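For ligands, and for the atoms within them, numbers begin at 1 and follow the listed sequence. Please read these numbers as outputs of a predicted model, since none were measured by experiment.
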Amino acid sequence: MRPSFNAMATASVRRMKLGSQGLEVSAQGLGCFGMSGFYGSPKPEPEMISLIHHAINSGVTFFDTSEAYGPLTNEILLGKALKGGMREKVELATKFGINHGDDGKMEIRGDPAYVRAACEGSLNRLGVDYIDLYYQHRIDTRVPIEVTMGELKKLVEEGKIKYIGLSEASASTIRRAHAVHPITAVQLEWSLWARDVEEEIVPTCRELGIGIVAYSPLGRGFLSSGPKLIDSFSKDDVRQRFPRFQPENLEHNKLLFERVSEIATKKGCTPSQLALAWIHHQGDDVCPIPGTTKIENLNQNIKALSVKLTLQEIAELESITSADAVKGDRYWSGFPTYKESETPSLSSWRAS
Ligand code: ATR
């Protein structure tokens, strides 16, 4: 029998350079989204703080949050966890631009006043003097990207943020932003069931020397648990809204999970580890940030760094996960993605 990767005693988290400006992070990060709601109720704070400390002690030091997570409460949680000497051990990434008003309505904001106020808010909630990587979470299509970037550049000059990132931005938005100030990382959904970014965005990042941060590398849990995942959804789990989890699409999508599981079994690893290993094999400029709320799952995800795939195994995985293997859009209609992220030109904006 082939050795099981779960059984391997040691796993190490290597370090990698993200982008071309000097940022160094752990080669696997930790997405903190699910700790503060959205995937069911918020998880108990002491448990999440222990998980964050465990991650740091295990070498996972690249933390991903946002003002929108919670909203706000995820940054507060991370801030509490980083007290007492932990801050300097981590690379802290947060995001601005998805604003939840008091009425709960969501608004995308990238105007300079908002960018500045959001940054101050994040610094306060996180209890830190600077943010390592500050992303625009979603692109405000009313504001030229150059204008948003102008304010971010000032925040770099003031030392409030070290590096700039974009999330769910189109290739042309990335180019325009990068011309104002170097972009260190682009965050995008990239996994065995979300591969559309390979066409244009990934090559653009590579051409410009921008690091790639892959969010939802486990397909929000689908690539870990398959269709049975939906049986665990509580009433307030946001995944119930995602097209790919709708029964009419799930019936088709489950085939993909079954094929991934078969290959994982042959390989002696779990489907989660195979999905992460595939991302880790996409290049040394790619950092996946799986989200978890459980120490055992974090340990398992770290071990994915030791799963070696042959070119043949990668080709097999890619042949079963081509675009028509997945039914349903990534998001529900109206939720902003890179496909609707073009901003007005500076000249048209000034003239209006
Ligand atoms: P996101 O970026 O939105 O967090 P993701 O990383 O693709 O999405 O997947 C996160 C989901 O995968 C979570 O539901 C997480 O559940 P737990 O919080 O219970 O861990 C699940 N997940 C993460 N790692 C896992 C693992 N090793 N085994 C099983 N499920 C896992």
Report yes or no: does [X] have a heavy atom closer than 4.0 Å to ligand 1?
X      : value
Pro217 : yes
Gly219 : yes
Arg239 : yes

_Would Leu218 count as being in polar contact with ligand 1, using the rule that some N or O on each side must be under 3.5 angstrom apart?_
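So ligand 1 has an N or O lying under 3.5 Å from an N or O of Leu218.
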Below 3.5 angstrom, do we get any N/O pair linking Tyr215 and ligand 1?
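In this structure, Tyr215 places no N or O atom under 3.5 Å from an N or O of ligand 1.
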**Asked** Taking the six-membered ring of Tyr130, is the NZ or CZ of Arg87 close enough (under 6.0 Å from the centre) and on axis enough (within 45°)?
**Response**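 Ring-cation test returns yes.
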#### Entry: Cation-pi geometry met for Arg220 and Tyr39 (6.0 Å, 45°)
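The answer is no; the distance or angle limit is not met.
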ask   = Hey, would you say the Tyr163 and His181 ring centroids sit under 6.0 Å apart?
value =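 Aromatic pair excluded; centres sit 6.0 Å or further apart.
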Could you check, using the six-membered ring where one of them is a Trp, whether Tyr215 and Phe33 have ring centers closer than 6.0 angstrom?
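No, ring centres 6.0 Å or more apart.
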Contacting atoms of ligand 1, where contact means under 4.0 angstrom from a heavy atom of [X]:
X      : answer
Thr293 : 17 (P), 18 (O), 19 (O), 20 (O)
Lys294 : 17 (P), 19 (O)
Pro290 : 6 (O)

Minimum non-hydrogen distance to [atom], winning option of [options]:
atom                    : options                : result
atom 5 (P) of ligand 1  : Pro288, Ser225, Ser216 : Ser216
atom 4 (O) of ligand 1  : Cys32, Gly291, Ser232  : Gly291
atom 20 (O) of ligand 1 : Leu276, Leu51, Thr292  : Thr292

For [atom], closest protein heavy-atom neighbour:
atom                    : answer
atom 29 (C) of ligand 1 : Ser224 CB, 3.5 Å
atom 24 (N) of ligand 1 : Asn301 ND2, 3.0 Å
atom 3 (O) of ligand 1  : Tyr39 OH, 2.4 Å
atom 12 (O) of ligand 1 : Gly221 CA, 3.4 Å

Rest of the hydrophobic cluster containing Leu255 (Ile/Leu/Val/Met/Phe/Trp/Tyr, side-chain heavy atoms under 4.5 Å)?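 Members other than Leu255 - counting any ILVMFWY side chain reachable under 4.5 Å - there are none.
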Note to self: Rounded at 0.5 Å granularity, tell me how far CG in Leu276 sits from CD in Gln300.
What the structure shows: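 If I round to the nearest 0.5 Å, the distance is 9.0 Å.
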Any protein heavy-atom neighbour for atom 16 (O) of ligand 1 (distance below 4.0 angstrom)?
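Protein heavy atoms within 4.0 Å of atom 16 (O) of ligand 1 - there are none.
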Worksheet entry | Test side-chain hydrogen bond (donor to acceptor under 3.5 Å, both in side chains) applied to Ser345 - qualifying residues, sequence neighbours left out |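 Listed in chain order: Ser347, Ser348.
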### Message
Between Glu198 and Trp190, does the side chain to side chain donor-acceptor pair (under 3.5 Å) criterion hold? Intermediate values first, please.
### Response
CA-CA 8 Å; Glu198 291 169 26; Trp190 195 7; 2.8 Å; yes
Check your understanding: With no hydrogens and no angle check, do the side chains of Ser122 and Glu67 hold a donor and an acceptor under 3.5 Å apart?
Key ->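 Absent: no donor and acceptor within the cut-off.
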Polar side-chain atom of Ser341 near backbone of Ala169 as donor-acceptor pair, under 3.5 Å: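 Answer holds: no.
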